[in-house]
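Here's the structure we're looking at; comments come further down.
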Amino acid sequence: MVTLEESLALMALVAREDPRRHSRYAVRWLRRLLLEHERVTIEEAPLAASCLVALGGPAHEQAYAALVAVTANDVR
């Protein structure tokens, strides 16, 4: 199974290479983040959504770094 981190890297690539598919991938990834990472806060959820929108644009690297940080915050 592909990890959440691996799927994030794939989605970031799709955001740059195939913007038409980006939204569909982003929604699936956000859903998976919320399901798999029980400790994502209400503040982190909209941050993640905003960063997903920013992928593929001028702030791509910053958005990707923030998403990696949100993903890494899960403590089980």
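Because the structure is a prediction, the values reported are computed rather than measured.
The two residues Leu55 and Ala12 make their nearest non-hydrogen contact at CD1-CA, 4.3 Å. Between Pro19 and Glu17, the shortest heavy-atom contact is CD-C, 3.7 Å. Between Arg16 and His60 the shortest heavy-atom distance is NH2-CD2, 3.1 Å. Nearest heavy atom pair, residue Ala54 against residue Ala63, reads CB-CB, 3.7 Å. Between Leu34 and Ala45, the closest heavy-atom pair is CD2-CB, 4.2 Å. Considering all non-hydrogen atoms of both residues, His37 and Thr71 come closest at CE1-O, 3.0 Å.
The hydrophobic cluster containing Trp29 also contains Val68, counting ILVMFWY residues as joined when their side-chain heavy atoms lie under 4.5 angstrom apart, directly or transitively. Tyr64 and Leu47 fall within the same hydrophobic cluster, defined by Ile, Leu, Val, Met, Phe, Trp and Tyr side-chain heavy atoms under 4.5 Å apart, directly or through other members.
How far CG of Leu35 is from CG of Leu30: 9.5 Å, rounded to the nearest 0.5 Å. To the nearest 0.5 Å, atoms CD (Glu5) and CG (Leu67) are separated by 11.5 Å.
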Verify side chain to side chain contact (heavy atoms under 4.5 Å, CB included) between Leu52 and Met11, making sure each step is shown before the conclusion.
-> CA-CA 9 Å; Leu52 290 169; Met11 190 194 41; 3.1 Å; yes

Steps toward side chain to side chain contact (heavy atoms under 4.5 Å, CB included) verdict (Asp18, Tyr25) | CA-CA 11 Å; Asp18 192 358; Tyr25 275 61; over 6 Å; no

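In this structure, Arg28 places its CZ atom where only 12 or fewer heavy-atom neighbours from other residues, nucleotides or ligands lie under 6.0 Å away.
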